[in-house]
Amino acid sequence: MSKQKQAQLRNSVKPFTGSDRKASIIQLLNTVLPFLLLWFLAYQSLAVSIWLTLALAVIASGFVIRIFIIFHDCTHGSFFDGSKANRIVGTITGIITLFAFEKWKRDHAIHHATSSNLDKRGTGDVWVMTVEEYKAASVWGRLAYRLYRNPFVLFGLGPIYLFLISNRFNRKGARKKEKMNTYLINTSIVLIYGLLIWAIGWQAFLIIQLPILFISGSLGIWLFYVQHQFEDSYFENEEEWDYVKAAVDGSSYYKLPKVMQWLTGNIGYHHVHHLSPRVPNYRLEQAHESTPPLQKATTITLKTSLQSIRFRLYDEATRTFVSFKEVKALLKNPKTNLNINTGKTSFQEE
């Protein structure tokens with residue numbers, strides 16, 4: 001695709017950028033209020049059945065994901081027009097989701113600027129090694145990577161690491177504004193959790209809050225994972241890397257059932273979001289439907305997305321993800337070449 005056509009594609013979604021204050025306020029009301037109500041009902045249900053409590057916690061975790069999408073939009077400055085409103089709402093939703101607003105805003109901006117760039121990995125993304133890097137790694141390096149990519153570690157221990165470590169501490173060299181925001185969110189979490197424990201007891205609090213956080217955290221990591229880890233995803237070195245290709249070929253369209261699409265704040269339209277982060281979540285679907293070239297992005301469903309679990313290494317030669325089993329032959333015989341051909345073309349080629 002020529003630079004002119006790429007510019008035309010980016011311009012085609014410009015009408016959908018910018019927030020609608022009324023739509024943003026309605027989304028806040030139909031997201032945060034139901035979450036608070038579900039939390040209260042989960043507590044009340046403890047007197048009836050712990051299984052009912054857990055069921056309500058599962059539903060509440062879906063609303064936490066939706067709250068995170070609001071937080072996510074605020075970090076892009078797309079949920080409200082003013083930076084102050086985005087910062088305030090982003091901080092409040094960061095307290096609910098246990099994410100530090102200013103810290104994550106910086107890391108996520110780097111993710112957007114470097115997504116699918118093989119030479120600029122490491123900030124705000126899932127650890128991906130190429131086949132050649134894996135072959136050259138030490139035994140301990142391979143073991144560390146295999147542990148990291150293990151589903152039980154990535155989706156099981158991942159939320160614990162995010163909530164208790166990554167989101168709680170400032171990076172080295174963080175600016176004062178970023179540090180103070182993290183301190184504010186951490187202090188608010190301690191005070192709110194302490195008040196709830198005092199009011200209902202630590203056992204009731206943990207029975208309700210732990211499932212909510214763990215399920216929402218695991219599903220959140222899964223969403224982020226499958227939207228960039230799919231069979232023919234785009235990855236390129238710095239010299240050949242292209243922002244538009246990275247956005248549309250390196251991000252999937254995760255076609256979900258309508259209820260799940262609503263709870264996940266339309267983030268399945270990830271290719272649209274990466275092309276133009278200023279499009280708020282409630283306009284992503286409209287931007288996708290109104291722009292034919294975007295409809296050629298790789299589409300994955302709940303069923304096909306499960307295949308992504310076996311994608312562990314990126315093979316630059318075949319431009320596709322491969323499993324550890326597929327690359328095992330290369331380790332035994334370095335002269336062996338993987339013969340993997342997806343037979344697919346990107347939307348750019350089409």
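This one's a predicted model, so the numbers in the text were calculated from it and none came from an experiment. The figures that follow rest on heavy atoms only: side chains count, while hydrogens, waters and symmetry mates do not.
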After noting the C-alpha distance and the side-chain angles of F214 and F163, does the key distance pass the ring-ring contact (aromatic ring centres under 6.0 Å, His included) rule?
CA-CA 9 Å; F214 181 77; F163 293 144; 9.2 Å; no
Answer with yes or no whether the side chains of [Y] and [X] bring together a donor and an acceptor at under 3.5 Å.
{"X": "S305", "Y": "Y254", "answer": "yes"}
{"X": "R149", "Y": "Q229", "answer": "yes"}
{"X": "D81", "Y": "S19", "answer": "yes"}
{"X": "D315", "Y": "T318", "answer": "yes"}

How long is the span from the [atom1] atom in [X] to the [atom2] atom in [Y], to the nearest 0.5 Å?
{"X": "I69", "Y": "F71", "atom1": "CD1", "atom2": "CZ", "value": "10.5 Å"}
{"X": "E289", "Y": "Y269", "atom1": "CD", "atom2": "OH", "value": "5.5 Å"}
{"X": "F40", "Y": "L56", "atom1": "CZ", "atom2": "CG", "value": "12.0 Å"}

Is the shortest heavy-atom distance from the side chain of [X] to the side chain of [Y] under 4.5 Å?
{"X": "V272", "Y": "Q286", "value": "no"}
{"X": "L9", "Y": "L294", "value": "yes"}
{"X": "H273", "Y": "V279", "value": "no"}
{"X": "H274", "Y": "S115", "value": "yes"}
{"X": "I185", "Y": "F99", "value": "no"}
{"X": "R21", "Y": "I25", "value": "yes"}
{"X": "L195", "Y": "W198", "value": "yes"}

Is [X] salt-bridged to [Y], going by a charged N under 4.0 Å from an acidic O?
{"X": "E240", "Y": "K245", "result": "no"}
{"X": "R142", "Y": "E133", "result": "no"}
{"X": "E178", "Y": "R171", "result": "yes"}
{"X": "K120", "Y": "E238", "result": "yes"}

What verdict does the side chain to side chain contact (heavy atoms under 4.5 Å, CB included) test give for W241 and F235, after you've listed the backbone C-alpha separation in whole Å, the side-chain angles of each residue and the deciding distance to 0.1 Å?
CA-CA 8 Å; W241 183 84; F235 280 89; over 6 Å; no
Are Y183 and N170 close enough, and set up right, to give a side chain to side chain contact (heavy atoms under 4.5 Å, CB included), and what steps lead you there?
CA-CA 9 Å; Y183 297 152; N170 286 304; 3.5 Å; yes
Ring center gap for [X] and [Y] short of 6.0 angstrom:
{"X": "H271", "Y": "H228", "value": "no"}
{"X": "F63", "Y": "W262", "value": "yes"}
{"X": "F68", "Y": "W104", "value": "yes"}
{"X": "F155", "Y": "Y225", "value": "yes"}

Given the rule in the side chain to side chain contact (heavy atoms under 4.5 Å, CB included) test, do R106 and I110 qualify, once you have shown the distances and angles that lead to the verdict?
CA-CA 6 Å; R106 173 191 174 275; I110 294 174; 3.7 Å; yes
Within 45° cone and under 6.0 Å: R312 NZ/CZ vs F321 ring
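No; the conditions do not both hold, so R312 does not lie above the ring face of F321.
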Report the C-alpha distance between T53 and S45 in whole Å, list the side-chain angles of each, state the deciding distance to 0.1 Å, and finish with yes or no for side chain to side chain donor-acceptor pair (under 3.5 Å).
CA-CA 5 Å; T53 302; S45 69; 2.7 Å; yes
Could you tell me whether W127 atom CH2 has more than 12 heavy atoms of other residues or ligands within 6.0 Å of it?
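Counting other residues, nucleotides and ligands, CH2 of W127 exceeds 12 neighbours.
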So for atom CZ, which belongs to R175, do other residues, nucleotides or ligands contribute more than 12 heavy atoms lying within a distance under 6.0 Å?
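Open.
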Taking S24 for the side chain and F79 for the main chain, is one N or O donor matched with an acceptor at less than 3.5 Å?
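Confirmed, S24 side chain pairs with F79 backbone.
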Could you walk me through whether Y193 and F205 pass the ring-ring contact (aromatic ring centres under 6.0 Å, His included) check?
CA-CA 8 Å; Y193 280 26; F205 174 79; 4.9 Å; yes
Please assess H111 against F224 for the test ring-ring contact (aromatic ring centres under 6.0 Å, His included), listing each intermediate value before the final yes or no.
CA-CA 11 Å; H111 163 67; F224 189 80; 5.0 Å; yes
In a check of side-chain hydrogen bond (donor to acceptor under 3.5 Å, both in side chains) between N281 and each of Q27, R66, H72, which one passes?
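The side-chain hydrogen bond (donor to acceptor under 3.5 Å, both in side chains) with N281 is passed solely by Q27 among Q27, R66, H72.
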After noting the C-alpha distance and the side-chain angles of H270 and I267, does the key distance pass the side chain to side chain contact (heavy atoms under 4.5 Å, CB included) rule?
CA-CA 5 Å; H270 212 60; I267 201 60; 3.7 Å; yes
Could you walk me through whether N117 and E236 pass the side chain to side chain donor-acceptor pair (under 3.5 Å) test, one step at a time?
CA-CA 5 Å; N117 190 323; E236 194 56 83; over 6 Å; no
